Enquirer: 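Right, I'll just put the structure down here and ask away after.
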Amino acid sequence: LIVGEVVGTIVASRKEEALEGLKFQIIRIEDMDPESGGLKPTGHYLVAADAVGAGHGETVLCSQGSSARLTDKTKDRPIDAVIMGIIDTIEIEGEKIFEKYAG
Amino acid sequence: LIVGEVVGTIVASRKEEALEGLKFQIIRIEDMDPESGGLKPTGHYLVAADAVGAGHGETVLCSQGSSARLTDKTKDRPIDAVIMGIIDTIEIEGEKIFEKYAG
Amino acid sequence: LIVGEVVGTIVASRKEEALEGLKFQIIRIEDMDPESGGLKPTGHYLVAADAVGAGHGETVLCSQGSSARLTDKTKDRPIDAVIMGIIDTIEIEGEKIFEKYAG
Amino acid sequence: LIVGEVVGTIVASRKEEALEGLKFQIIRIEDMDPESGGLKPTGHYLVAADAVGAGHGETVLCSQGSSARLTDKTKDRPIDAVIMGIIDTIEIEGEKIFEKYAG
Amino acid sequence: LIVGEVVGTIVASRKEEALEGLKFQIIRIEDMDPESGGLKPTGHYLVAADAVGAGHGETVLCSQGSSARLTDKTKDRPIDAVIMGIIDTIEIEGEKIFEKYAG
């Protein structure tokens with residue numbers, strides 16, 4: 001599973017029919033960084049279909065491969081990555097390194 | 001999902017029967033590059049079957065793995081990558097970093 | 001299969017329904033390091049659903065891709081990584097490089 | 001899909017029954033190299049089952065993952081890579097960078 | 001397909017039920033090295049279920065992903081890598097770079 005922040009969107013009007021109604025989000029992939037006590041961008045991006053209605057700036061959990069087709073919204077569609085959860089907290093070694101409503 | 005530009009084609013006359021009628025495109029894989037406000041080539045290429053009739057120079061969305069077989073044109077065929085959308089716009093942090101008909 | 005140590009957890013309250021009841025663990029991926037006679041962290045992390053009730057600090061065996069859905073707890077769920085075993089011993093070239101209850 | 005040149009073979013007499021009759025080829029993976037106007041070896045190799053009877057020195061198209069099982073010869077067999085086409089020509093930006101019968 | 005040498009084993013007594021009876025081997029992944037006329041370790045390791053009863057020190061052929069579940073021993077089990085052949089010979093450019101019973 002991939003952790004990342006929603007930073008943008010992709011629009012493709014001419015596409016395979018089975019893709020109608022899906023929203024494609026751009027996710028900045030994040031690494032755990034226990035030393036700095038937080039997350040750090042990897043410099044890589046993931047493009048994924050959105051199964052949960054994630055908003056700009058939210059930190060999300062993504063699934064890849066055939067598992068990306070196992071949500072209600074993505075069943076039998078030709079996509080290989082999906083946002084399937086919005087993260088509230090990430091804890092490493094007892095320390096919260098990410099919290100959704102942190103100031 | 002992979003973003004890239006169609007830059008070439010591959011022809012293979014002797015091949016597995018299940019591949020008849022498929023067109024193989026060469027895609028120059030692009031990375032999001034928010035700093036330069038655009039896309040940048042990664043130096044890597046993807047060879048994919050074309051499910052949407054993408055033209056030379058178009059920026060496309062590709063799916064990999066078993067999901068590449070979930071389009072009408074690629075069903076049950078031994079391919080692991082497919083072009084399944086032609087991109088109109090890519091937006092990151094509220095800025096359009098790619099637009100199809102930009103001058 | 002991936003070997004790693006459970007170092008944290010991720011909580012996501014808003015998520016695809018099919019994920020209810022799953023626990024997401026953060027695993028620090030470990031490499032075999034025969035020279036030092038042990039395991040060494042790769043600096044990478046894996047986020048996986050937990051099928052065996054692994055505890056913090058345990059060294060586990062993880063499966064990725066469609067195989068991650070082949071446990072009782074993860075059947076038909078949109079996850080691409082699962083903890084499916086808790087490691088007792090790792091032996092390389094006749095030497096135990098990891099033992100669960102070593103002092 | 002992977003492009004590469006057949007450079008060798010692997011023989012394994014003791015193996016899973018489902019593999020009987022398959023030929024394993026070693027493929028030197030090639031990258032597109034528009035600057036030099038040709039292909040260039042990546043330094044990596046792929047071992048794949050052969051579904052088309054490729055000969056030594058031929059440049060081939062390979063499929064990976066579950067798609068590798070979608071040819072007649074590889075159906076339901078435990079292989080994750082297959083040669084499924086023999087390449088005649090590769091064209092990038094209107095230039096032929098590979099041609100089978102080039103001198 | 002991955003080529004490597006069996007160098008160790010992993011024991012996990014607490015695990016997903018579907019894994020009972022499987023043996024987990026550690027494989028030192030090898031690269032083809034035509035220049036030195038042999039194989040060379042990549043420095044990476046693969047953990048795989050054993051479908052053929054490979055012994056310590058044997059050079060084996062492994063399959064990854066969903067294909068790893070296509071052997072008799074691994075059917076429907078949550079594993080993503082399997083040893084499915086024991087290699088006798090590897091030949092590159094007409095030279096044997098590996099032979100099982102070489103002195």
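Basis for what follows: all heavy atoms, side chains included, without hydrogens, waters or symmetry-related copies. The chains referred to below are lettered A, B, ... by the order of the sequence lines, with proteins before strands, and numbering in each begins at 1. As the structure is a prediction and not an experimental result, all values here were calculated from the model.
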Enquirer: With distance as the sole test, does A:Ser63 use its side chain to make a donor-acceptor pair with the main-chain N or O of C:Pro78 at under 3.5 Å?
Expert: yes
Enquirer: Look up atom OG1 in C:Thr9 and atom NZ in A:Lys96, then write down how far apart they are to the nearest 0.5 Å.
Expert: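 Spacing of OG1 (C:Thr9) from NZ (A:Lys96) equals 9.5 Å.
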Enquirer: Below 4.5 Å from any heavy atom of chain C, which atoms of A:Ala51 appear? Answer side chain, backbone, both or neither.
Expert: both
Enquirer: Checking C:Leu19 against chain A: side chain, backbone, both or neither under 4.5 Å from a heavy atom?
Expert: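 Contact with chain A involves the side chain of C:Leu19 alone.
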Enquirer: Quick one: closest heavy-atom pair of A:Leu1 and C:Ala81, and the distance?
Expert: N-CB, 4.2 Å
Enquirer: How many angstroms lie between NE2 in C:His44 and OG1 in A:Thr42, if you round to the nearest 0.5 Å?
Expert: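 Reported value, rounded in 0.5 Å steps: 10.0 Å.
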Enquirer: Could you have a look at A:Ile97, A:Val52, A:Thr71 and say which one has the most heavy-atom pairs with chain C under 4.5 angstrom?
Expert: A:Thr71
Enquirer: Has the side chain of C:Asp80 got a donor or acceptor atom that lies under 3.5 Å from a matching backbone atom of A:Ser67?
Expert: no
Enquirer: Please determine, among C:Ser66, C:Ser13, C:Ala18, C:Gly8, the option with the most heavy-atom pairs under 4.5 Å with chain A.
Expert: C:Ser13
Enquirer: Less than 4.5 Å to any heavy atom of chain C: does that hold for the side chain of A:Val82, its backbone, both, or neither?
Expert: neither
Enquirer: With a 4.5 Å heavy-atom cut-off, do C:Ile26 and A:Glu91 have their side chains touching?
Expert: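 SC-SC contact between C:Ile26 and A:Glu91 ruled out.
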Enquirer: Can you tell me how far CZ of C:Arg28 sits from CD of A:Glu93, rounded to the nearest 0.5 angstrom?
Expert: 6.5 Å
Enquirer: How about A:Leu70 and C:Arg69: do any of their side-chain heavy atoms sit closer than 4.5 Å?
Expert: yes
Enquirer: In this structure, which one of A:Ile92, A:Ile87, A:Asp88, A:Thr59 forms a side chain to side chain contact (heavy atoms under 4.5 Å, CB included) with C:Ile10?
Expert: A:Ile87
Enquirer: Can you tell me how far CZ of C:Phe24 sits from CD1 of A:Ile90, rounded to the nearest 0.5 angstrom?
Expert: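 One gets 12.0 Å once the value is rounded to the nearest 0.5 Å.
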Enquirer: Which heavy atom of C:Glu16 sits nearest a heavy atom of A:Asp72, and at what distance?
Expert: OE2-N, 3.2 Å
Enquirer: Answer with side chain, backbone, both or neither: which region of A:Glu35 has an atom nearer than 4.5 Å to a non-hydrogen atom of chain C?
Expert: neither
